[in-house]
Structure formats: C-alpha cells, structure tokens
Amino acid sequence: MINVLFAARSERWDTYEAPLKTAFAALGLAVDLRQDFAPQDVDYIVYAPNSPLQDFRPYTRCKAVLNLWAGVEKIVGNETLTQPLCRMVDPGLTQSMVEWVAGHVLRYHLDIDRSIAQQDQWAPFVPPLAEERAVAILGLGALGQACAKTLCQLGFKVSGWARSAKDIPAVHCHHGPDGLRDVLSTAEIVVLLLPDTPDTLNILNAESLSYLPTGARIINPGRGPLIDDGALLAALDSGQIAQATLDVFRVEPLPLDHPYWAHPQVTVTPHIAAETRPITAARVIAENISRGEAGAAFLHQVDRARGY
Ligand code: NAP
C-alpha cells in the first residue's frame, strides 16, 4: 500500500478526493489517501503551499512532494524540504490560462473597451489585423508556450523571452538578460508568464517599461512581484503604458486602498487566470506516483537552485 498524505486546506479535500482515487485506480496504484498519517508512514505528499504543513523533517520516508499549484515560490525555499518537489503542469490549468490570455489580448487588440464606451454612438473604427499586432510573452514554459501557440494560430506576430534559448515554430524567441530589451522594443501587448524568483523580481521596472513602444499594454497572469508597481503606475499616468490587466499581486487579496483598484487604465482580476482542475491534475499526480514507484524520473521536478 502506498500512503499518500493530502496536505492542502481541508475544503480542498472534497474537490480532490474522488478525482485522485479515480486516477490512482486507473493506473493500478494501491493507494491509501488520507488527510492525516503519522509523518514517518507517508510515501508521497500532495501539497498546497498554503497548507499548515511547513516542516517536512518528520516525513522521513516521503519520496516526493507533489504541488497542486504551478507556482512554487512559497515552498521552494523551505529548507526542511529535502525530497524532490514537483510543480503542477495540468492540461486543464493550461487550457484555462490560454483562454484567459487570448481573451485579454483580443480585448486590447480589438479595442473592445472603445466599443463599450461608444455604445450610444455610430462611430466606426477599424482595428488592425492580428498579423499587424506584436505580442510578446515573457516566459516560454508550459504556460507561455501554450499561449504563444494559440496567439500564433490567431495570426498575431508573437515573440517570446525565456532564460534559455528556444526554437518554437512561428515565435521570434529571445533569451537571457540581453534579450529583454529586444523583445520589449516592438511589443504592443506584453504577457507576463514568468515564475516569481529573485531573478525575475521587478523585471518590469521603470527602465524596462521604457523599452516598450509608447501606448503598450501589459497583461500579468504570472506573479505580482514581476512588476514594480510604482513604476507601472507612473508609466500609466505618463501614457507610456496605455492599459494593464493584472491578475496577481504582491499582496492578495489586493488591499482595498491599493491605487490599482481605482485606476481607470487598470483592470484587476482576482487571481483567476488559471485554476488547477482536479480531474486533470489528479492524473498528473497519479502518473508521478507511478513513476516514483517504478524508480523513474519525476515529471515537472523543480530545480531548487533556479527557483522554478
Ligand atoms: P515554467 O514552465 O516553469 O516556465 C517558466 C518560464 O519562465 C520558462 O520559459 C523560463 O525559462 C522562464 N524564466 C524563468 N526565469 C527566467 C529569467 N530569469 N529570465 C528569463 N526567463 C525566465 O512555468 P509555467 O508553468 O509556464 O508557469 C509560469 C508561471 O505562471 C508560474 O510560475 C506561476 O507564477 C504563474 N501562474 C499563474 C496562474 C494564475 O492563475 N494567475 C496560474 C498558474 C501559473 P526557461 O524555459 O529557459 O527555463
């Protein structure tokens, strides 16, 4: 019997218990799944970083911690965690991010706000075609690449930026610190899909925002600390940045007195771009436990030194 501890907020148990049991059965895994075990008896931990479990030292037999979230910034620096840590790459979450990003890119591309504002007037205007619109995606991992693919299919001129060099069909790829200025210099719409690490902190700051063409738009479903908030507000007020849609923030929920709430050029969404979907995520967790039992390499293992 494989003992799997579900260490997430207890309200999540109702959502995940049945999908996890179904996924374990589908792979023929004999699993005892519970919210409580003696720590020394646990083989795997299904984990959400906001769980009360923060000290992993008593889990001496645990072979891996399987994160329910894509982002790992709240757990990656936990020094009590010495087991492999796997982040969530879930087809349902990815599809949700693709839909959210495509929707918000199309809003800016088609100037849907203008149509809404001119609801009482017959005032025709012609937006450019997607092939005339440059969209840059910062972060070309699981989510950035999926969004790039869909935006390419819609016809956008897509470029991207990552830490390492990439070769993605139809995407003009840049990498490394030197590539940031190049990728931003032509971008009319920028989508942030980077992880929160010391290297990506305030990656959009006064200097990098100035690389963008005047009137660019920012869409951030990545993480709040990617943006220097003061610099973005100043760039919005000066007209350097026309609009921003922000799903993630340094402090969540976004405090009621934060200037983003009332800013006419900012759209705040409450960290809803891409939720982990229990049925598809459970299959990924089961696959990783199956791999662990077979002595195979885990999928989506976090590189602790890189922080993602
Ligand atoms: P991922 O597969 O790990 O991809 C991360 C990408 O960022 C990679 O392309 C990586 O480059 C690049 N990167 C990392 N550090 C960099 C640096 N210093 N300079 C340039 N590029 C850098 O992550 P993912 O699954 O796509 O997820 C991305 C982020 O989305 C997550 O970390 C999370 O914060 C956020 N997210 C948000 C929501 C939401 O609802 N708002 C939901 C899920 C995830 P390499 O390819 O060269 O390694």
Side-chain angles (χ1 to χ4, degrees), residues 48-50 66-77 85-104 136-151 158-168 171-184 187 190-205 208 211 218-227 244-250 252-254 267-277 280-281 284 298-308:
N50 60 2
L66 308 171
N67 209 39
L68 287 169
W69 301 359
V72 291
E73 70 278 1
K74 288 193 166 67
I75 171 74
V76 73
L85 169 67
C86 300
R87 63 196 199 85
M88 179 50 67
V89 177
D90 156 30
L93 181 154
T94 301
Q95 178 60 21
S96 156
M97 184 62 84
V98 167
E99 292 175 13
W100 190 90
V101 166
H104 287 279
I137 301 179
L138 306 192
L140 291 171
L143 299 176
Q145 289 202 29
C147 291
K149 189 175 168 197
T150 293
L151 294 174
V158 180
S159 58
W161 184 68
R163 207 173 51 86
S164 55
K166 297 267 182 291
D167 184 7
I168 305 170
V171 179
H172 192 190
C173 295
H174 305 260
H175 69 278
D178 296 342
L180 184 62
R181 188 179 195 132
D182 289 341
V183 75
L184 293 180
V190 181
V191 180
L192 296 177
L193 278 168
L194 294 160
D196 174 6
T197 72
D199 289 340
T200 62
L201 179 67
N202 293 327
I203 199 84
L204 277 195
N205 52 38
S208 55
Y211 301 158
I218 310 293
I219 298 174
N220 185 16
R223 281 292 183 263
L226 300 175
I227 296 180
T245 293
L246 309 173
D247 186 55
V248 283
F249 305 91
R250 280 183 160 71
E252 295 181 5
L254 183 65
T267 300
V268 170
T269 60
H271 201 143
I272 47 141
E275 180 79 18
T276 304
R277 307 289 160 147
T280 44
V284 177
F298 291 111
L299 297 172
H300 318 309
Q301 191 171 336
V302 171
D303 179 330
R304 310 289 281 276
R306 287 188 325 196
Y308 69 98

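Note that these values count all heavy atoms, side chains included, but never hydrogens, waters or copies made by symmetry. Positions are given from 1, in the same order as the sequence printed here. All of these numbers come straight from a predicted model, not from anything done at the bench. Numbering of ligands and ligand atoms starts at 1, following listing order.
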Report the member of [options] with the shortest heavy-atom distance to [atom].
| atom | options | result |
| --- | --- | --- |
| atom 14 (C) of ligand 1 | Trp69, Tyr308, Trp100 | Tyr308 |
| atom 12 (C) of ligand 1 | Asn220, Thr94, Leu194, Leu193 | Leu194 |
| atom 35 (C) of ligand 1 | Gly71, Gly222, Ala274 | Gly222 |
| atom 44 (C) of ligand 1 | Asp196, Leu143, Val101 | Leu143 |

Subject >> Leu93 N/O to ligand 1 N/O under 3.5 Å >> reply: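 The answer is no, given that Leu93 and ligand 1 share no N or O pair closer than 3.5 Å.
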Give the numbers and elements of all ligand 1 atoms closer than 4.0 Å to a heavy atom of [X].
| X | value |
| --- | --- |
| Asp199 | 18 (N) |
| Lys166 | 45 (P), 46 (O), 47 (O) |
| Asp247 | 39 (C), 40 (O), 41 (N) |
| His271 | 39 (C), 40 (O), 41 (N) |
| Gly139 | 6 (C), 7 (O), 9 (O) |
| Val248 | 41 (N) |
| Ala70 | 43 (C), 44 (C) |

Answer side chain, backbone, both or neither: which part of [X] comes under 4.0 Å from ligand 1, heavy atoms only.
| X | value |
| --- | --- |
| Arg87 | side chain |
| Arg223 | side chain |
| Met97 | side chain |
| Ile203 | neither |

**OP:** Determine, stepwise, if the pair His174 / Leu180 fulfils side-chain contact (heavy atoms from CB on, under 4.5 Å).
**Re:** CA-CA 7 Å; His174 305 260; Leu180 184 62; over 6 Å; no
**OP:** May I ask you to check whether over 12 heavy atoms, not counting those of Lys166, lie within 6.0 Å of atom NZ?
**Re:**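 Check passes, neighbour count above 12.
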Kindly compute the distance separating [atom1] ([X]) from [atom2] ([Y]), expressed to the nearest 0.5 Å.
| X | Y | atom1 | atom2 | answer |
| --- | --- | --- | --- | --- |
| Met97 | Thr150 | CE | OG1 | 12.5 Å |
| Thr269 | Trp100 | OG1 | CH2 | 4.5 Å |
| Leu93 | Met88 | CG | CE | 8.5 Å |

Just to confirm my output: which protein heavy-atom neighbour is closest to [atom], and how far is it?
| atom | answer |
| --- | --- |
| atom 19 (N) of ligand 1 | Trp161 CH2, 3.3 Å |
| atom 37 (C) of ligand 1 | Pro221 O, 3.0 Å |
| atom 6 (C) of ligand 1 | Gly141 N, 3.7 Å |
| atom 21 (N) of ligand 1 | Arg163 N, 2.9 Å |
| atom 5 (C) of ligand 1 | Pro195 CD, 3.7 Å |
| atom 47 (O) of ligand 1 | Ser164 OG, 2.5 Å |

Side-chain donor or acceptor of [X] paired with backbone N/O of [Y] under 3.5 Å:
| X | Y | result |
| --- | --- | --- |
| Asn202 | Asn205 | no |
| Trp161 | Gly176 | yes |
| Asp90 | Thr276 | no |
| Arg277 | Thr94 | no |
| Thr200 | Ile203 | no |

Original post:
Taking it one step at a time, do Leu226 and Leu138 satisfy side-chain contact (heavy atoms from CB on, under 4.5 Å)?
Top reply: CA-CA 10 Å; Leu226 300 175; Leu138 306 192; over 6 Å; no
Original post:
Which is it for His104 and Asp247 under the side-chain contact (heavy atoms from CB on, under 4.5 Å) test, yes or no, and what are the steps along the way?
Top reply: CA-CA 11 Å; His104 287 279; Asp247 186 55; over 6 Å; no
**OP:** Begin from the C-alpha positions of Ile137 and Leu151 and carry the test side-chain contact (heavy atoms from CB on, under 4.5 Å) through to its verdict.
**Re:** CA-CA 10 Å; Ile137 301 179; Leu151 294 174; 4.0 Å; yes
